[in-house]
Amino acid sequence: MRNASRMKALSGVAAVAGIGETDYALDAEASRKGKSFDAYELASTAFRRALDDAGIQRSDIDGLIAGPPLALERTGEVLGLDLCYAAQADAVNAVIQAVLAIHAGLAECIALVYGNNQRSASTAYGGPQAMGGDRFLAYVQYAPWGLTSQGALYAMMASRHMVETGFTSADLGAVVAGIRSFAAMNPNAIRRRPLAVADYLEGPLICEPLRRDDYCLINDGGVAMIITTAQRARKLKRPLVTLAGFGRHDLNRDATSLRPRLIERYQPAHHEAAAAVAEMSGTGPEDVGAVQIYDSFSVHVPIALEGFGFCAPGEAARLVRTGQLAPGGRLPVNSGGGMLGESYMQGWNHQIEAVRQLRGMAGDRQISSALRHVQYLSDVAGKAATLLYRRGT
Amino acid sequence: MIMLRPTPRQDALERTYWNYVARQELRLQCCTDCNRYRYPPAPACPDCGETDAEWRPLSGKGHVVAWTIFHRSYFPNLPTPYAVVSVQTDEGPLLVGNLIGASPSIGLPVQVLFEETRFDDGTTGSICQWKPLAPFHSSSTEHRNEPQSNL
């Protein structure tokens with residue numbers, strides 16, 4: 001059982017001192033012209049940029065968390081790092097583990113590094129060699145019926161969510177349009193052309209009810225973050241952004257039969273993760289000025305907003321129809337363009353955008369100078385997880 | 001086009017399920033200690049930890065709880081469009097299958113349909129599919145072109 005007082009002691013102890021990303025848009029252009037990228041090269045570029053951003057040296061790094069598909073040892077080898085702490089984790093768990101390791105005194109300055117050349121490597125997310133089947137049985141169990149792609153599983157989730165809540169295809173289109181409007185303001189976003197809802201609805205169906213524009217990009221890129229103690233980060237050159245809270249809850253019972261996904265819509269996991277982040281940080285959805293949502297598929301957005309308590313179950317359509325999630329709205333979603341518009345970095349690019357917004361360095365798409373909290377929400381395969389970033393203090 | 005389905009996972013417990021289906025029987029593993037069904041089959045009961053189980057027949061009836069229609073082809077030997085549904089069986093477990101002979105909708109009552117099929121490893125067998133529980137008349141005016149070879 002969670003121990004709220006022990007979790008509270010972790011709030012604000014760690015901070016993001018540096019961020020780095022590759023040139024998604026330029027690289028995607030080069031990719032179209034035939035250039036092939038190496039995942040470790042991308043990771044290395046992002047890592048050097050994060051060091052520069054933080055104003056520190058490689059020799060300051062004493063911990064490394066490598067994000068799959070990167071292999072841990074090879075990442076450390078390519079980056080030239082000998083370490084006193086190392087781990088492998090996806091975006092949200094990398095941040096959680098970095099905070100834990102710093103609090104426990106295992107390391108003081110941890111590099112979180114991700115690189116993926118999925119475009120160059122032609123990674124398949126559906127079909128006979130569906131990616132992730134070794135970790136999630138549901139991705140391959142139903143191949144005899146032609147069901148393997150992750151998009152199809154989210155399409156099934158969408159079909160039920162729409163009937164139960166009245167969320168429509170046009171609402172999904174408006175979610176995509178909002179995120180694409182943000183992407184249009186981000187020079188590093190790959191899909192910068194705005195999308196009208198009418199054009200969305202004209203787009204081809206892939207796995208009905210989802211259409212082409214409900215699916216995220218597949219591109220090459222790298223992301224890195226430097227996480228250190230808040231005390232040390234205060235002495236570095238960037239405005240302070242701390243990790244105020246996090247939460248995670250996994251639903252594994254009956255996962256392969258799809259019950260938690262289709263019937264429960266992961267809500268019990270969302271509720272627990274939301275309760276954890278609230279207990280740890282002392283803040284709730286009302287204190288959050290913007291959210292970053294894992295958007296491999298657009299339908300993640302209404303499901304996460306309802307699950308994590310940003311509206312009542314079934315009320316996401318109201319947020320969409322009143323424009324609250326789009327530029328200028330009360331709760332902007334994926335202000336960098338997310339994975340639908342900026343870059344498919346499996347949740348890593350969302351962390352960078354959260355930090356950039358809280359530093360007030362998001363350029364044309366800066367939400368508000370008064371922004372104090374940005375929350376990240378994800379629920380990949382029933383693993384609900386959330387991070388709360390806080391400006392200053 | 002000859003339809004070839006991806007071969008089921010090669011796992012001893014899975015094979016038991018498919019061997020029953022090849023005999024036109026829908027049976028699921030059920031814990032003999034606490035009567036909990038397990039799908040996909042598993043070596044132990046997640047409720048009581050008991051490893052003993054028997055393969056109990058299901059009524060073959062249920063209703064659709066979620067659906068998708070594949071318009072994009074992910075398998076060259078499976079012609080699109082085809083509908084995939086999740087069916088809540090009357091006994092409780094959720095099963096995935098293709099819906100044959102109707103447009104999918106949430107709540108649609110369905111019954112099992114065993115379809116002879118070929119798998120892409122060269123073997124033949126049956127697969128458990130779903131069709132509307134007769135009599136059923138769809139209110140949908142939209143005609144969906146179900147793969148003829150499924151019927």
Side-chain angles (χ1 to χ4, degrees), chain A residues 124-131 133-134 136-166 203-212 214-215 251-265 297 299, chain B residues 3-9 11 14 18 21 28 36-42 46-47 64-86 88-89 92-99 103-107 115 117 119-120 125 127-130 144 147:
Chain A
Y125 291 90
Q129 273 82 45
M131 217 279 291
D134 49 342
F136 301 110
L137 192 54
Y139 291 3
V140 293
Q141 173 73 13
Y142 303 112
W145 293 274
L147 172 67
T148 53
S149 78
Q150 297 172 39
L153 297 175
Y154 279 97
M156 292 176 85
M157 221 171 164
S159 71
R160 187 169 177 87
H161 176 252
M162 290 164 106
V163 164
E164 288 192 342
T165 68
L205 290 161
I206 307 294
C207 286
E208 192 176 342
L210 299 187
R211 297 170 187 277
R212 182 193 57 206
D214 292 308
Y215 282 62
L251 295 179
N252 296 319
R253 290 180 64 97
D254 275 335
T256 309
S257 87
L258 309 177
R259 183 177 298 279
R261 175 190 289 271
L262 300 178
I263 307 295
E264 299 178 298
R265 207 174 295 134
F297 307 100
V299 64
Chain B
M3 185 161 57
L4 286 179
R5 295 187 173 278
T7 306
R9 283 196 305 117
D11 160 310
E14 271 300 296
W18 286 95
V21 170
L28 294 187
R36 186 196 201 273
Y37 282 100
R38 307 207 280 272
Y39 184 80
D47 280 339
V64 171
V65 296
W67 58 267
T68 181
I69 297 171
F70 275 74
H71 293 267
R72 180 185 155 162
S73 171
Y74 289 87
F75 296 93
N77 298 314
L78 287 185
T80 54
Y82 56 89
V84 175
V85 290
S86 171
Q88 168 112 41
T89 58
L94 295 187
L95 295 176
V96 162
N98 298 123
L99 180 69
S103 297
S105 59
I106 308 288
E115 190 181 271
T117 194
F119 296 106
D120 59 14
I127 188 165
C128 177
Q129 305 286 36
W130 301 92
R144 291 213 167 92

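Numbered from 1 within each chain, the chains take letters A, B, ... in sequence-line order. Just so it is clear, the values below take in all heavy atoms, side chains as well, and ignore hydrogens, waters and symmetry mates.
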Distance-minimising heavy-atom pair for [X] and [Y]:
| X | Y | result |
| --- | --- | --- |
| A/M156 | B/T68 | CG-CG2, 3.7 Å |
| B/P6 | A/A143 | CG-O, 3.2 Å |
| B/P8 | A/P144 | CA-CG, 3.7 Å |

Apply side-chain contact (heavy atoms from CB on, under 4.5 Å) to A/L147 and B/F70, showing your working. CA-CA 9 Å; A/L147 172 67; B/F70 275 74; 3.9 Å; yes
If you measure from [atom1] on [X] to [atom2] on [Y], what distance do you get to the nearest 0.5 Å?
| X | Y | atom1 | atom2 | answer |
| --- | --- | --- | --- | --- |
| B/Y37 | A/D254 | OH | CG | 14.0 Å |
| A/L205 | B/T80 | CG | OG1 | 11.5 Å |
| B/I106 | A/M162 | CD1 | CE | 10.5 Å |
| B/L99 | A/W145 | CG | CH2 | 14.5 Å |

Side chains of A/Q141 and B/Y39, heavy atoms from C-beta outward: is any pair under 4.5 Å? yes
Using a cut-off of under 4.5 Å for heavy-atom pairs, which of B/V96, B/V64, B/L4, B/D11 has the most such pairs with chain A? B/V96
Side chain, backbone, both or neither: which part of B/L94 has a non-hydrogen atom closer than 4.5 Å to chain A? both
Report which part of B/S86 has an atom under 4.5 Å of a heavy atom belonging to chain A: side chain, backbone, both, or neither. both
Which residue in the set A/E208, A/R211, A/R212 passes side chain to side chain donor-acceptor pair (under 3.5 Å) when paired with B/H71? A/E208
Which residue out of A/T256, A/L153, A/I206 racks up the most heavy-atom pairs below 4.5 Å with chain B? A/I206
Given A/L137, A/L210, A/L262, the one with more heavy-atom pairs under 4.5 angstrom with chain B than any other is A/L137
Donor-acceptor contact below 3.5 Å, side chain B/Y82 vs main chain A/G146: yes
